[in-house]
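Everything on this sheet refers to the single structure shown next.
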2 protein chains.
Amino acid sequence: MTEPAYVSIAGEYARRIRSGGLPAGAQLPSYAEIAGRHDVSDIVVRKAIELLLRQGLVRSIRRRGIFVTDRPNLVRISPERQLEDPEATFGNESGRQVQVDRDTKRVAVTGELAATFGLSAEDDVLYTVTRVSEVGRPVSISDTYQPVDIEDTSSATVLEETVSDQLPRSAHAEWLRTTPGELVKTVRQRFLAPDDKAILISDVSYPRDRYDSFVFRMNLSPE
Amino acid sequence: MTEPAYVSIAGEYARRIRSGGLPAGAQLPSYAEIAGRHDVSDIVVRKAIELLLRQGLVRSIRRRGIFVTDRPNLVRISPERQLEDPEATFGNESGRQVQVDRDTKRVAVTGELAATFGLSAEDDVLYTVTRVSEVGRPVSISDTYQPVDIEDTSSATVLEETVSDQLPRSAHAEWLRTTPGELVKTVRQRFLAPDDKAILISDVSYPRDRYDSFVFRMNLSPE
DNA sequence: AAGTGGTCTAGACCACGTG
DNA sequence: ACGTGGTCTAGACCACTTG
């Protein structure tokens, strides 16, 4: 049982990138050229490059080429309090200019959210859209929900974050300027009160090409 | 500018799965059948299914079919102290039987590790391989490194975890029984002492089809 | 004008599970 | 024997960037 051609080609480039033989910003040969070198068809090369893309090792720019990613990429330090101080979260570590734009509305709660908050269907929640950008480039966009009767969201004692890859909602895709079919990193944040009830929920989307690795930094409290 | 066919097909199935119209365990129609229904070729269907796979919504079983994932899948709760009490980490939440196998050697430090630990090239580190399985099925495998002169690894106060998708090292792929070309979730754990020096580093691999979502649970300490 | 990546087609072989 | 997903080929058109 031997490994498929696209795996070995991807492995070869992955090794060269990680070892530094192919430095950040370097352009890979075109599909046709790699195909010729390895004596395979270009569709095999496409599958290989796709593996590299999924690992965040390279980025594709349409009609220009495939380029080795600048790494380490932006790093996301958790816990991150998007609603309270996104400026601090992003600004501190990068020292770069960050813009935050926020819209809040009062909306009726939908089925799934009602359950997590323990509300009935007629209740309202506060719905906030937060868009973060850095010198014009989109960094993240989030949908935040909280019950209207909660005054103090800082009473949360536990933050639970769930990371996954998803097809973005169209509003998110538009803001992040992702291409159709491109997956985004999604973090669902749940801020929990001491009684383990959720008091704030936020779905944050990040473009994959800026955050290919996520860092969580946690304090270890003695128990 | 309209979205590609494979995106809309993937979106349609994603919606039906998330809404419950296609319950967990249900089998999707074959490539040929979906292709016929949407009047496209099967390669378009393959790209669509691949998007669903990457989102963890479906699983592919060779020569059987594509099946809707049981969700929520296993959930990884962080902070996780693999080396100290993996039984507790996994056992507590699932209530299932977990087996842990551990091998420790003393090895010479390599370049990259020497830098993170601040050691010179002749120094040794403790190298531990930890394999975790659950009723015969592999759950995770990790490579752990720590300097030999550190007695008490529980003095760490901060845990930093970096999550990424990677092609597994062959030892990891073998234990997790992944197919060639299949990416695994990798978590690099760095346990830091109060002076911010790393005192233990661990690279943990998880099969994607068991952990499609990662959960981090953090205590919010007032500052 | 030439080259690029993105999308799509039609067809093929394989190894293996299912009837 | 048939259907399945996995791999691979050869070819095509498009929209756009680069020289």
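Below, chains carry the letters A, B, ... as their sequence lines are ordered, and counting in each starts from 1.
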Test: B:R37 and B:E33 ion pair at under 4.0 Å: yes

Just to confirm, is there a sub-4.0 Å distance from OP1 or OP2 of C:dG3 to any side-chain nitrogen or oxygen of A:Y31? no

Would you say the side-chain atoms of A:D143 and A:H172 include a donor-acceptor pair closer than 3.5 Å? yes

Is the shortest side-chain N/O distance from A:T179 to OP1 or OP2 of C:dG6 below 4.0 Å? no

Separation of C:dT7 P from B:I43 CD1 (nearest whole Å): 11 Å

Classify the side chain of A:R63 versus the base of C:dG6 as yes if they form a donor-acceptor pair under 3.5 Å and no if they do not. no

Using whole Å, report how far CG of A:D42 lies from P of D:dA12. 13 Å

Over how many whole Å does the gap from B:I34 atom CD1 to D:dT4 atom C1' extend? 13 Å

Is it the case that over 12 heavy atoms from other parts of the model lie below 6.0 angstrom from the CD atom of B:Q99? no

For B:R46 and C:dA10, give me the distance from atom CZ to atom P, rounded to whole Å. 14 Å

Could you check how far CD of A:Q27 sits from C1' of D:dT17, rounded to whole Å? 11 Å

Ignoring backbone atoms, test whether B:Y6 places a side-chain nitrogen or oxygen under 4.0 Å from the OP1 or OP2 oxygen of C:dC8. no

Nearest-angstrom distance from the residue atom CD of B:E33 to C1' of D:dT4: 13 Å

Can the ring centres of A:Y145 and A:F117 be said to be less than 6.0 Å apart? no

Using a heavy-atom cut-off of under 4.0 Å over every strand shown, decide if B:A32 touches base, sugar-phosphate, or nothing. nothing

To the nearest angstrom, how far is B:I61 atom CD1 from D:dG3 atom P? 20 Å

d(CZ, B:F67; P, D:dT4) in whole Å: 11 Å

Check the phosphate of C:dT4 against A:S30, side-chain N and O only, distance under 4.0 Å to OP1 or OP2. Yes or no? yes

B:W175: which of B:S140, B:P168, B:S133 passes side-chain contact (heavy atoms from CB on, under 4.5 Å): B:S133

Below 4.0 Å: OP1/OP2 of C:dT18 and any side-chain N or O of B:R64: yes

Think B:K47 has a side-chain N or O under 4.0 angstrom from the OP1 or OP2 of C:dC8? no

